[in-house]
Amino acid sequence: ERDKKEDFIMHRLKKVVHEYLSLEGNMFRYSLSYCFLLALFPTIILLFFLYQNQIIDFKYLLQFLYHYFPKDFLEPFIVYITNKNYPSLWSILITFFPSVYLASRSFYSFMLVSASHEKFQTHNFLLRIKAFVLFLLAIVWIVVISFFIHLSLFDGTITFMVGLFISLYMMYRILSFEKRPITYGMIGALFSTMGMVLTGMLFLQVVEIFTSYHSVYGPLGSLLTLFLSIYILSSIIYFGYCFSFALLLHFK
């Protein structure tokens, strides 16, 4: 009985690795990385709008970003939007809606892969609308997490980890187009959460010590580090999705 259980677990783990390393999986990781790169700066702009209205603690969000992305690359952009004045509501809306549309492509890209896995057919423009709404909800969720951290009701690191786990868990569930058991997404969300936390702790230090981007590419070294960071985060999130899908469902 024990051997059968171990064989079953190994079989599922092989399914996870196979899906992750498949041609479709490789292509999707590149696509997701590109979408996250497009979403990064519009998302920062949107969060800065909320910071201007004292809804969230933008300083904590900056600390989070600097764990994953080079500070010398992001800081000039942060200074630019900090000093930028939006004279009217109309100018804010002109920036807001294109930014949301662009940033929501990360959700849209993920839903296309999920729909392909589940053989779910629908019009792409419906997925596009859903992605737009989901991104707005993601912004609201970030505001909620930041609000709890700002009030210091709980330890900031613990709040961040719990919030990240819930975010990934809900994302994996929402990406599915079928009714799933309540446990669906938990394993993947736990793996992705721990992976992203460890990445935040070690990534930039490892890049500084073991790579020569800055010595070879000079100012462009930070840009390459940004690309690498986004790719690693995208890979972690996708591997978590593979866990959720392959460990609880049977691939045909």
Side-chain angles (χ1 to χ4, degrees), residues 20 29-30 32-48 50-51 56-79 81 103 106-107 110 135 138-139 141-172 185-214 221-244:
Y20 181 79
R29 293 203 305 276
Y30 299 141
L32 186 62
S33 300
Y34 175 71
C35 290
F36 278 154
L37 179 62
L38 291 179
L40 177 61
F41 294 105
T43 302
I44 293 176
I45 292 174
L46 295 177
L47 293 176
F48 180 71
L50 301 175
Y51 164 71
I56 64 174
D57 188 352
F58 195 66
K59 294 180 180 179
Y60 183 82
L61 291 175
L62 284 181
Q63 293 175 2
F64 165 73
L65 290 174
Y66 291 153
H67 277 297
Y68 298 92
F69 310 119
K71 184 176 181 180
D72 59 341
F73 185 84
L74 285 183
E75 197 166 37
F77 178 71
I78 299 299
V79 172
I81 63 173
S106 55
F107 285 94
F110 225 136
F135 181 77
I139 291 295
W141 179 240
I142 292 175
V143 171
V144 171
I145 297 175
S146 301
F147 180 72
F148 277 107
I149 294 175
H150 181 69
L151 293 179
S152 300
L153 297 179
F154 305 99
D155 178 76
T157 303
I158 295 177
T159 303
F160 166 72
M161 293 181 64
V162 172
L164 182 59
F165 172 80
I166 295 175
S167 302
L168 293 168
Y169 169 69
M170 293 303 299
M171 184 183 75
Y172 293 146
M186 286 187 178
I187 297 177
L190 180 61
F191 170 84
S192 296
T193 298
M194 298 306 298
M196 293 180 70
V197 170
L198 290 175
T199 300
M201 293 170 58
L202 302 175
F203 173 71
L204 292 182
Q205 288 82 357
V206 171
V207 169
E208 273 306 314
I209 296 173
F210 295 102
T211 69
S212 56
Y213 286 156
H214 288 283
S222 295
L223 180 62
L224 295 176
T225 302
L226 173 69
F227 291 161
L228 179 60
S229 177
I230 290 178
Y231 176 74
I232 291 175
L233 293 177
S234 301
S235 298
I236 291 172
I237 293 173
Y238 182 64
F239 200 81
Y241 167 79
C242 292
F243 257 119
S244 300

* Asked: Are the side chains of Leu190 and Leu168 in touch, meaning some heavy atoms are under 4.5 Å apart?
  -> no

* Any idea which heavy atoms bring Leu233 and Phe69 closest together, and the distance? -> CD1-CZ, 4.2 Å

* Structure fact -> dist Leu164:CG -> Met194:CE (nearest 0.5 Å) comes out at 10.5 Å

* Results of ring-ring contact (aromatic ring centres under 6.0 Å, His included) for Phe191 - residues two or more places apart only -> Phe239, Phe243

* Asked: Within a reach of under 6.0 Å around OH of Tyr34, are more than 12 heavy atoms found that belong to other residues, nucleotides or ligands?
  -> no

* Under 30°, 30 to 60°, or over 60°: which ring-plane class applies to Phe110 and Tyr238, parallel, tilted or perpendicular? -> tilted

* Please report the shortest heavy-atom distance between Gly185 and Ser244, naming the atom on each side. => CA-OG, 3.3 Å

* To do: Determine the minimum heavy-atom distance between Ser192 and Gly240, stating which atoms define it.
  => OG-CA, 3.3 Å

* Work out which heavy atom in Phe165 is nearest to a heavy atom in Met186; give both atom names and the distance. => CE1-O, 3.6 Å

* Locate the shortest heavy-atom distance separating Ile236 from Met196; write the atom from each residue and the value. => CG2-CG, 4.0 Å

* Structure fact -> Scanning both residues in full, the closest heavy-atom pair of Ile237 with Tyr172 reads O-OH, 2.7 Å

* Should Tyr66 and Glu75 count as side-chain neighbours, where that means a heavy-atom distance under 4.5 Å? -> yes

* With rounding to the nearest 0.5 Å, note down the distance linking OG1 in Thr193 to CG in Leu198. => 11.0 Å

* Structure fact -> With sequence neighbours left out, the residues meeting side chain to side chain contact (heavy atoms under 4.5 Å, CB included) with Ser234 are Leu32, Ser33, Phe36, Ile230

* Please test Met170 against Trp141 for side chain to side chain contact (heavy atoms under 4.5 Å, CB included), starting from the C-alpha separation and ending with a verdict. => CA-CA 11 Å; Met170 293 303 299; Trp141 179 240; over 6 Å; no

